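These numbers come from a predicted model, not from an experiment. Numbers here are sequence positions counted from 1.
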Amino acid sequence: MDFTEKTLTQEYQFKGRIIKCRTDTALLPDGTECYREVCEHPGGVGVLPITKEGEVILVRQFRYPYGETLLEIPAGKLDHGPDEDPAGCAVRELKEETGFTAGRMVALGKSYPSPGFLTEILHAYCALDLVPGESQPDEGEFVEVVRLPIREVERQIASGELCDGKTMIAMYRARLLGLLDGFDH
């Protein structure tokens, strides 16, 4: 069966610096019309930095929409033009937020954070063979770099202390790909 919904109309309700929100009318596979709300987002990257000692480099920062300070992997938006390379963005965000550069970046794939209404695609990478340096946070960006053993990050994910979706996805994919093997001591 073809599940495709065909767009009939689009009307933008809001155009901001990061997102655009629109309401659409679409045609369902059975021929009936439906209403869809869509938030367009440029996409982003998340970087899972792993030290040779088996520590994960995370950042702690306040996230305004939730009113909470969260622990998460370094991440950022693909906001340097429509053709920005996600791998290049990952290198930039890792350096900006943590000061580290990676000798090796392994792609962990993409994910759709909330496909019911959001167009964002998140590209995840694992940064290995890390070299420390000076962080260069964006203006208005306040982060604390936190180093935790892989097992502690997994414990916090399992207990619900660490709730950030991109961090959970990156950790799980890295585990499935064997990138966290050998650090389980």
Full working for side-chain contact (heavy atoms from CB on, under 4.5 Å) between Ile73 and Val47: CA-CA 6 Å; Ile73 58 175; Val47 183; 5.7 Å; no
Check: Thr98 and Val59 side chains under 4.5 Å, non-hydrogen atoms: yes
Any Met105 side-chain heavy atom under 4.5 Å of Val91 side chain: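 Yes, their side chains come closer than 4.5 Å.
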Could [X] and [Y] be called an ion pair, given the rule that one side-chain N must be under 4.0 Å from one carboxylate O?
| X | Y | result |
| --- | --- | --- |
| Arg175 | Glu154 | yes |
| Arg92 | Glu84 | yes |
| Glu5 | Arg36 | yes |
| Glu37 | Arg22 | no |
| Lys95 | Glu134 | no |

For [X] versus [Y], what's the shortest heavy-atom pair and its separation?
| X | Y | result |
| --- | --- | --- |
| Cys126 | Ile50 | SG-CG1, 3.8 Å |
| Pro86 | Tyr125 | CB-OH, 3.4 Å |
| Gln10 | Asp24 | CG-OD1, 3.3 Å |

Within one Ile-Leu-Val-Met-Phe-Trp-Tyr cluster: Leu58 and Met168, side-chain cutoff 4.5 Å: yes
Check: Leu118 main-chain N/O paired with Ser114 side-chain donor or acceptor under 3.5 Å: no
